[in-house]
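Throughout, residue positions are numbered sequentially from 1 according to the sequence presented.
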Amino acid sequence: MAATRGSARRRNRPAQRPPRRFVLRHEVLTAYAAPALTAGTAGVLGGRQDLAVAACTTIAGTSAVVAFLVGSWLRRGGRPRPWTTEVPCTVLTLLLVAATAGAAALLGRCAAEWLPAHAPFPYGPFPYAQFPYGPWRERLPVDLPLSAALATTAVTLRWRGTLAKPSV
């Protein structure tokens, strides 16, 4: 009898689970693995060696770095900034995406122009990359901001999803 009474009580109660915790290392690993696997697979299946290499270097690396920086900034030692929890999630995401993608675009453009002139070796560790004049020069100004925007969006939305909802 006691077993049926308890199970009936559980069935009538709405499912309330505590919000997930925001674990930064999980977010950084996901931010690296997801683009590395998807872009790497596309590069291998499409026969584009430069995309397969970029998937594990500039694309996934940028995503992981941006996820770490944005996640650390949002978390701020466990106490989020008040305005980040008060503004709508869409507005916060758009603000952070604009900031990170803009900074990454500037970095990508500067790196594409600066690195060839200051390369310590004429050809890189990969002969097909034709360092410092390979296809990566055209890829940096595109890969960096795109990766930064995607990583920022994912981390911001996951972070907001872990916050406790105010009770009405």
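Residues forming a side chain to side chain donor-acceptor pair (under 3.5 Å) with Thr152 (at least two apart in sequence, or on another chain): Thr100. For Val23, the side-chain contact (heavy atoms from CB on, under 4.5 Å) partners are Arg21, Arg25, His26, not counting sequence neighbours. By the salt bridge (charged side-chain N to carboxylate O under 4.0 Å, His left out) test, Arg158 is found to be paired with Glu27, residues two or more places apart in sequence or in another chain being considered. In this structure Thr30 satisfies the side chain to side chain donor-acceptor pair (under 3.5 Å) test with no other residue, sequence neighbours excluded.
Leu92 and Val155 fall within a single hydrophobic cluster, where Ile, Leu, Val, Met, Phe, Trp and Tyr are joined by side-chain heavy atoms under 4.5 Å apart, directly or via other members. Clustering ILVMFWY residues whenever any of their side-chain heavy atoms sit less than 4.5 angstrom apart, transitively, puts Trp114 in the very cluster that holds Leu144. Hydrophobic clustering (ILVMFWY, side-chain heavy atoms < 4.5 Å, transitive): Leu69 and Trp159 are in one cluster. Hydrophobic clustering (ILVMFWY, side-chain heavy atoms < 4.5 Å, transitive): Leu163 and Val87 are in one cluster. With hydrophobic clusters built from ILVMFWY side chains whose heavy atoms lie under 4.5 angstrom apart, Trp83 shares a cluster with Val70.
Here the shortest heavy-atom pairing between Ala31 and Ala67 reads CB-CB, 3.5 Å. Of all the heavy atoms in Pro141 and Glu138, the pair that sits closest is CD-O, 3.7 Å. Ala64 approaches Tyr32 most closely through the heavy-atom pair CB-CB, 3.9 Å. Across all their heavy atoms, Pro35 and Ala55 have their closest contact at O-CB, 4.3 Å.
In this structure, Val66 and Ser147 have side chains that are not in contact, with every pair of non-hydrogen atoms separated by 4.5 Å or more. Contact of the Leu96 side chain with the Leu74 side chain is registered, since non-hydrogen atoms from C-beta on lie closer than 4.5 Å.
In this structure, Asp143 CG and Thr62 OG1 are separated by 7.5 Å, a value rounded to the nearest 0.5 Å. Annotation: the span from Cys89 atom SG to Leu94 atom CG amounts to 9.5 Å, rounded to 0.5 Å. To the nearest 0.5 Å, atoms CZ (Arg139) and CG (Asp50) are separated by 5.0 Å.
Residue pairs meeting the salt bridge (Lys or Arg N to Asp or Glu O under 4.0 Å) criterion with at least one member in residues 28-39: none, sequence neighbours excluded.
The other residues sharing a hydrophobic cluster with Ile59 are Leu51, where clustering joins ILVMFWY side chains under 4.5 Å apart.
Judged by the 6.0 Å distance and 45° axis criteria, Arg81 is positioned over the aromatic ring of Trp73.
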Exercise. Between Ser72 and Leu24, is a side-chain contact (heavy atoms from CB on, under 4.5 Å) present by the stated rule, with each step listed?
Worked result: CA-CA 7 Å; Ser72 298; Leu24 187 57; 3.3 Å; yes
